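Structure, as structure tokens:
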Amino acid sequence: QVQLVQSGAEVKKPGASVRVSCKASGYPFTGRYIHWVRQAPGQGLEWMGRIIPVTGATIYPQSLQDRVTLTSDLSISTAYMDLSRLRSDDTAIYYCATDGGNHDFDDWGHGTLVTVSA
Amino acid sequence: QSALTQPPSASGSLGQSVTISCTGSSSDVGRFGYVSWYQQHPGKAPKHLMYYVSQRPSGVPDRFSGSRSGNTAFLTVSGLQAEDEGDYYCSSYADTDIWVFGGGTKVTVL
């Protein structure tokens, strides 16, 4: 079965950067796209971007495109989300999710809590 | 791109039905058939419930159904069970190759 195992919780200071990883198993890594979605405490879901692992092509929402970078390493079936110039309102649970081509989010990682605090 | 609009809450009695709306625009819900729905229980990751407006992934009970009319999509949960209580989110692919979510609907089973 598909498993997406994410890296552990992070605590960062404002202005710093964070990297969250997402290791995939149970399917051919090049066979699905990877999205990143975040959820601030008590809030809804926010789409952060998508990467096509086989080509490295990415797309981001305008609200985050100057601070978020998505990459992937095919050799270890792992996707990464880098977020720079962190602010307190970036405090959230960050999820990776696969997209098998139906423009949706079919399998999800367990989430990674990133806390931004001085 | 604005988020999709969902009612903040909905409720229904055990065994009854509840329908959640998800209103977008002609740039997302109304234009593309790529509307999906997710269920989230407290402290858990979202779970995929529906794709292509009305298609259920394997393992999702047929008590869950989806539809669309114009710029609004709907998720109906029939035969409500206690475990259906939780938050529900819609999502749509949109113009300029982006994805948008609804604000979420908290479903209470009475």
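Note that the coordinates shown come from a computational prediction; the quantities given were computed from them, not determined experimentally. Every chain is numbered from 1 and lettered A, B, ... according to where its sequence line falls, protein lines coming before strand lines.
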query: Within a reach of under 6.0 Å around CZ of F74(B), are more than 12 heavy atoms found that belong to other residues, nucleotides or ligands?
result: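 Check passes, neighbour count above 12.
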
Query raised in the report: What part of Y52(B) lies closer than 4.5 angstrom to a heavy atom of chain A: side chain, backbone, both or neither?
Result: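 Interface part for Y52(B): side chain.
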
So, the part of P57(B) with a heavy atom under 4.5 Å from chain A: the answer is neither

Working for side chain to side chain contact (heavy atoms under 4.5 Å, CB included), residues I52(A) and R50(A): CA-CA 7 Å; I52(A) 302 175; R50(A) 182 216 66 197; 3.5 Å; yes

Counting heavy-atom pairs under 4.5 Å with chain B, the top scorer among Q43(A), E46(A), H35(A) is H35(A)

Checklist entry - Does S7(A) use its side chain to pair, donor to acceptor, with the backbone of S21(A) at less than 3.5 Å? => result yes

query: Backbone N or O of L70(A) within a donor-acceptor pair of the Y60(A) side chain at under 3.5 Å?
result: yes

field: Axial cation check for Y27(A) ring with R32(A), 6.0 Å and 45° limits
entry: yes

- Task: Measure the CG-SG distance between L49(B) and C90(B) for me, rounded to the nearest 0.5 Å.
- Result: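 The CG atom of L49(B) sits 12.0 Å away from the SG atom of C90(B).
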
Hits for side-chain hydrogen bond (donor to acceptor under 3.5 Å, both in side chains) against T23(B), two or more places apart or cross-chain, chain-then-number order -> T72(B)

Select one option (side chain, backbone, both, neither) describing which atoms of F105(A) are under 4.5 Å from chain B's heavy atoms.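 When you check distances to chain B, atoms from both the backbone and side chain of F105(A) fall under 4.5 Å.
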
**Message:** Quick check on I59(A) against chain B: is it the side chain, the backbone, both or neither that has a heavy atom closer than 4.5 Å?
**Reply:**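 For I59(A), the side chain is the part near chain B, not the backbone.
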
Which of Q6(A), E10(A), R38(A) passes side-chain hydrogen bond (donor to acceptor under 3.5 Å, both in side chains) with T112(A)? Answer is Q6(A)

Within residues 31-44 of chain B, contacts to chain A at heavy-atom distances under 4.5 Å involve Y34(B), S36(B), Y38(B), Q40(B), K44(B)

